[in-house]
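Letters A, B, ... are given to chains in the order of the sequence lines, protein chains preceding strands, and every chain is numbered from 1. No experiment lies behind these values; they were computed from the predicted model shown.
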Amino acid sequence: MVEHAWLIPLLPAIAFGLTLLFGRRGPGEGAYIAIAAICTSLAMSLIVAARWFLAGGSEAYHGLYSVSVPWMPAGSQAVETGFCIDALSVVMLLVVTIVASLVQIYSIGYMHGDPRYPRYFAFHSLFAAAMLTLVIANNMLLMFISWELVGLTSYLLIGFWFERPSAMRAAKKAFLVTRVGDVGFLAGMILLYLKTGSFNLFGANGVFENLSRLDVVGPFGLPLLAVAGLLLFCGAVGKSAQFPLHVWLPDAMEGPTPVSALIHAATMVAAGVYLVARMYPVYLADSSGTALQVVAYIGAFTALFAATIGLAQNDIKRVLAYSTISQLGYMIMSLGVFGYVAAVFHLMTHAFFKANLFLGAGSVIHGTGTQDIRDMGGLRRKMPWTYWTFLISTLSLCGVPFVTAGGWSKEEILAVAWHTNRLVFAAGAVCAFVTTCYMFRLVYKVFHGEPRNKDIHAHESPRVMLAPLVILAFLAISAGYVGTPWANVFEHNMLPVLGHSYASVLEHRLEGMHHGFNPVVFFVALTAVALGVGLASAIWLKPLLRIERLEPYLGWLARLVENKYYIDEIYQATIIRGLMLASWIAFKFDYWVIDYAIVNGTAYLTRLASQLYGWFDRTVVDGVVNLVGWTTKTVGNALRYLQTGVAQHYVFLTVVALIIISLAVLAGHYREEAWIPIAGFYR
Amino acid sequence: MDPNCWILPIITFIPLLGVLIVMFIPKEKAAAIKAVSLVISLIPLALSVWLWAAYDRSGPQFPNGAQFGIKLPWIPSLGVNFAMGVDGLSVPLVFLTALLTTLSLLYSFIINERPKEYFWMFLLLETGMLGVFVSLDFVLFFVFWEVSLVPMYFLIGIWGGPRRDYAAIKFFLYTMVGSMTMLLAILAMYFSPEVTRLAGQHTFDMLTIAKAHPYASNAAVAALVFWGLFLGFAIKVPMFPFHTWLPDAHVEAPTAGSVILAGVLLKMGTYGFMRVLMTMTPFAFARYWWIIAVLSLIAIVYGALVAMAQWDFKKLIAYSSVNHMGYVTLGCAVAGSGLLASEQSKIIALNGAQMQVFSHGLLTGALFILVGIIYERAHTRMLSEFGGLGAVMPIYAGMLSFCSFGSLGLPGMTGFIAELSVLTGTYNASPVLAGLALIGIVVTAAFMLWTLQRVLLGPINPRWQNLPDADAREVVSLAPLMALTLLFGVMPGYILSIFNAASEVIVGILH
Amino acid sequence: MFIGNIKLIAPALYLAFAAAVVLILGVIAGRKPDKGLDHWLPTQYLAPALTFPGVVYALWAVLKSLAEAGETVDALVGSELVRVPAVALFVTRGGHAQLTVDPFGAIFTLIAFAGTLIVMLLSLDYFEARQPHKAEYYSLLMFAAAAVSFAAVASDLIAIYLSIELLSLASYVLASFVKTDRRSGEAGLKYFLYGAACSAVGLYGMSVLFGVTGGSTALSAIARGLTPSAVAGGAAWVGVVFTLVGFGFKLALVPFQFWAPDVYQGAPTPVTAFLSVVSKAAGLVVLVRFLVTAVFPLPPEHLSWYWILVVLTAAAMFFGNLVAIPQKNIKRMLAYSSIAQVGYLMIGVLSALHAFTGEGRLLPGLWNVPNALVRSAAGVVHRASWETPWDMQGVIVYLAAYLFMNLGAFAVAAGLGRRIRSDAIDDYAGMIHRCPFLAASLTVFLISLAGVPPTAGFVGKLFIFGGAIQAGRSHPELVVLAVLGIINSVISAYYYLNVVRVMFFAPANSRPSFKVSFVLNLVVAVCLVGTLGLVFAAGPVVDFISLAVCSLLD
């Protein structure tokens, strides 16, 4: 089965074609084709996973299944393409297929009655195909291709309701902003290819075995490895919505909510984390650690920064979106502090609980018809299933220890940070606190209290939507038990992915770290959650603290946060305006200078010269002629009978020309040198 | 003589035969004229497919030799021959030309004004274009080069838009400047002592001239020859700052004319870069490569910026051609650069340039047809007047999106392979250049998406509520282009192996 | 005086005789128009019928003079240099020839005869209605053609002067032939006055040369007489320049072109066609002979007149093309265009000069003259076997192309002008609908005049610029001229295409379409075949011309 893993992305790809072309006539208006495909992929992924882990032991540790075939020639060599199966891709396969199949099932209910229903499922299948390709690619080229294709499907699905101007703008923004990052990925990929001579990651000729060739000083005094790492990280920054390219993700909530759950919470946005994890040897090989430090601080900053914005949002999906940015920052941060395993672990748990949260939000939106949490309240009675699953995943997101999956993964990240970088650890702890605050604010505002808008008659969603919620809620708790500090199966299988040499580098970096249960970290995490819950309850559940009173003192801060630190406005004023201005200037330059002044100017001058010649022909020639004619007439010339008086004037001009030419020739003759300078050439 | 040697003259002159046939059909029988033209254009298409299949990828490449070669005396005392042959550089272009002509003719069935003249001129144009790509003698090459100019002048001038007079004459004169300097440069190469020493007499034979490296020992004259040729090709490409004829010509030309103009005529310029400039004046090329590279880079970024400022859909696509052709010339510049960059990366760059040529032919051809479809229905091309067409014309919207994403270099389509390869080569030659070119990628994506948004997305303008979707004829005109874009984007090896052989030889000249 | 083999100039003599026959018959028949002799032997048909054998004869003469090179003809095709002996007639004392019959001259004869025949056929259409004095008209054309033929072999100042005068006199009358048209009369008179003046200047220059070089009129003798001591006083140069004026007038070379626009516009269109091609051929051939034989083999410090010619060549191209742009009348436009075309021809002539004297190239053994002034210091000058002279071939190829394309353009202008009663370009609007064949043909001729392939004009330009580039390796000013030439090609394309634009791009208007006579279609078709065929037949044609040019070299 492992050797046929390429079928896993292929099935949804076929489903995409079928659904797009014949969806309307297909079973379930095409939805069943897509769901059948993704469920088959899920089953195959499970088999692959089972085979992979059962093979276990030495094989899992030393080897990985990787196949390459020639794809295109490049000079005497050939660029290859292929796929690989290792623990990382297995985890990603499972995450993607599970979430994707659940979300598609959920969509049957959520998208019911949409005029472009088949197309929706087609795009979903395309996304699954691209995403699954991304996670099993064994070379950078195929990774980049599928990377871009998931970007395309993201664009298509964000703009699914393209009649809404906000949706179409959000789609464009998402594609463009991520593409800015992708350019970095592309550059990093080309750099690695040129230096190592391969796009392939594994094998003796692969990138990872030849990273030493990049161990030289590059531009700005940075090691070339750091440059490559940072360039690749640009791609992650774009895709995983890290600061400063995070601006697209909140807007991407314009898409249908299941899309947000699948693409903009669970899978695609985690691709950046996956990228850095997959390319982790590049970062490990950089002995200066520059790239990883940048990764760590960008991640930590993003985690905190987005969490604070999450506090002040009133759109249920936007809160979750900023939460996603923040959690992605958490993972990135973890990668930056050598928490390679922890990051992937958190990626997995996050996928489940965040997908659940989004689907829950979708259920709420479906039930209430609004996204504004100020219009909600008291929904826990009307939508009990939604409420309980939502709450479970909230706890998981907050990282409640022992009982939730998020607790295990978050605690592992904090443990690594505690060992390697206390500053990052502090940021992580504060972030955990803020996360709890905004999540419980959300829960209280949506589900507790009394309904604030009497016009909304909420109802529970259909079962086809609730079933995925339940499954995901289950996973949001249980998925963490593969990586408890006491029996860390996850780490055991994940570390070998790096290969012997790089795994030992990583182990060397984490030398002395307390493997297993870390009480300090546990205590800090628990305190952060408890404080967060307490503060949120004090403000939004039982109004003990009245934050309105702080308005005169901290109002500016609130406005700053509410407006997302004005990052969008800054971009609008600088980059977008700048681009439009540059475009306008270039166009005017093209129109007026190049085309009008130079090209048409040449034509105009030629015409002008022709007019001048013509004028000369008419006026000067005829003028001289008339003068002569007048003279000849006055002196009573014999040729006077010729009325036109022209022919003899032509003769006159000819004589003039003749005299000039004769004089010139004679002048040339009487001078030592010929009179035209270049005539000297003849000697 | 190789029994297959007649294939190239046959491919080239079948359309000319078509011209004669069409001339004898009374002009009242428009349907017959259209059908006959289309059927005739299918013959070179079928033969070019056969050519592709029969072509030996490991066979001789220019200037070491050519396949399906034929050489008959024409003006023997001057060393002028009727010489034809193909290599990896030209086989895909022959196919592209035949394909685009057939599709253009199919699309042109809507032409009801003076159809007879239109169709025979189109066939004449095809002969000229095919001839350029298969000629191995400079006089023949030049004759075809110019033959393709005249029908296009008429196509723009008779069936063009409101400013067709201006656009037609501008196109003709501008490109004529280039072809005339090219002619002088060709003559200079003809009289070069190296060529005569090698051949024993003066000759216009391109293989011989390329092998001889005219004026290799005389840098000053070589530079003159180089710039003469360069101007000819650069105007045709068109490179910044010689590009301003292009938007006018494109905007005023009838749809099929734009397709051919963008799809094939521009390719004659880049073909000249690879076939003539890089092989015949390699040393001058290696010395001045950076000028070409910088101009290409300007074309990439500047072309995209100017495209972004357009409000006429067709002009926007025209400027995007400037942007796209920038990658081709950049790839050529890098591949022929005098830098000690690895041979491998230069080959990749040249492969990318060729891929971009092919890709741009397919995609921009398709985009012009798409603009034509919408113009024909709405009688306007102003982007500001559209919006929301995605809801009423879903098939059209799908095709336009497909082609736009292909054009902005989405992986899985040919444009990506091309841009990736060119950038890889450029990166090796100069990371700074590559970095700047990467900016162009983002700007290209920006204006392409913005265009899609302005045409397809958003609330529907009630004026277009009843616009019919693309019909079968239009879909058939577009489907082959899109299919090939996808096919060669997913399986680039099939076409790149053809390019690669040619690139290896061309890059090998300097290395 | 020795009278040589008179058969060698038989084509010219034949045409002169035939002209006399036509004239006499016409005078006899003219007494009773539409009756008797003229009825069953109309002059307008008799004249072309008699001219056609002349053309064939001229062709045969060319082939025969080439064939006298015997077995070497085949060898040339393999790029071997073949020296074809010229035959001297009327050799004066000192062994200088007055007439030199060589393939070079024979080709000009052929071009002149063929051109005249085409003009005659065109006249049949143009004067389709009753034409008075038609016998005189046709016989004058034939006399003029004979004169060109004489000019083509003349290698003596007297012979040159006489043949040019004969041509001029016939031309003056032809230009003013339509007595009822005021402008035609005016054109003839202007032409006459101007021509008389130029001819006087030319004759004066010849007499100066005669005096300075020691009392001989033969070109080869003049070449020998122009020793450094003979030219020391400068008078010789005045003589050269004045003589050139006489030729430049025939050629309408700037600044002796003033007559051309008025005369071209005023004269009957077939006559204009004749003047623009056949008459120019005469000017060209005597200019080339004069320069190559008499003047160019001179010490290099005395070449300032060469630079004058370079400047005049450039001026001719620019003047002709630029002034042609704003013209509204097609005949006037073509007049200016032909002034520019002379510039291209002059590039060929100037490059040819170097081909005959350039170091490392060919020794000028001119016209059977045993020795000429040679600049080579080494004394041993050889010509590599692959070295093909492009330049002089270029002049002839261009002239041949020009014959077809320019005559074709005038033929269409004549045919259309007669039918739409206008020569204004604007009145050609939509002509493609009214008279498709003529409009399409005119397009081909104009494109050919602009030098765009696949037309004869392109082949001509290829040769002209090729020759300039070839000579330009040692004489960069010719490269400059070539560059100016291509700039002018582009400028000229503008106004040529303007006519095409008017004919094609204007929407079909309601003006009626019309058919034209068979003979006009025939003329246009012949020109069309020539214009398009030259590209395909370039191989044999060039070989043929190469042989002819080689005769100049020995």
So, do [X] and [Y] sit near enough that their side-chain heavy atoms are less than 4.5 Å apart?
X	Y	answer
Tyr190(B)	Gln470(C)	no
Arg501(C)	Phe154(B)	no
Tyr174(B)	Val490(C)	no
Val150(B)	Thr443(C)	no
Met176(B)	Ile486(C)	no
Tyr153(B)	Phe505(C)	yes

### Side-chain donor/acceptor of Trp74(B) to backbone N/O of Val535(C), under 3.5 Å
yes
### Task
Mind ranking Ser489(C), Gly451(C), Ala450(C) by heavy-atom pairs under 4.5 Å with chain B and telling me who comes out on top?
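Ranked by contacts with chain B, first place is Ser489(C).
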For [X], is it the side chain, the backbone, both or neither that has a heavy atom under 4.5 Å from a heavy atom of chain C?
X	result
Leu184(B)	both
Ala199(B)	neither
Ser179(B)	neither
Leu183(B)	side chain
Glu113(B)	neither

### Message
Can you give me the closest heavy-atom contact between Val147(B) and Pro453(C), atom names plus distance?
### Response
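What the structure gives for the nearest pair is CG2-O, 4.1 Å.
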### Query
Would a line drawn from the ring center of Tyr496(C) to the ring center of Phe172(B) be shorter than 6.0 Å?
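Distance test on ring centres: not under 6.0 Å, no.
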### Task
Flag the pair Phe458(C) / Phe142(B) as yes when their ring centroid distance falls below 6.0 Å, and as no otherwise.
yes
Could you measure the distance from the [atom1] atom of [X] to the [atom2] atom of [Y]? Nearest 0.5 Å is fine.
X	Y	atom1	atom2	value
Leu462(C)	Ile186(B)	CG	CD1	9.0 Å
Ile491(C)	Leu173(B)	CD1	CG	9.5 Å
Met180(B)	Asn488(C)	CE	CG	11.5 Å

### Summary
The interface call for Ile487(C) against chain B, heavy-atom contacts under 4.5 Å, is neither
#### Entry: Which atoms of Val479(C) approach chain B - backbone, side chain, both or neither, heavy atom under 4.5 Å
neither
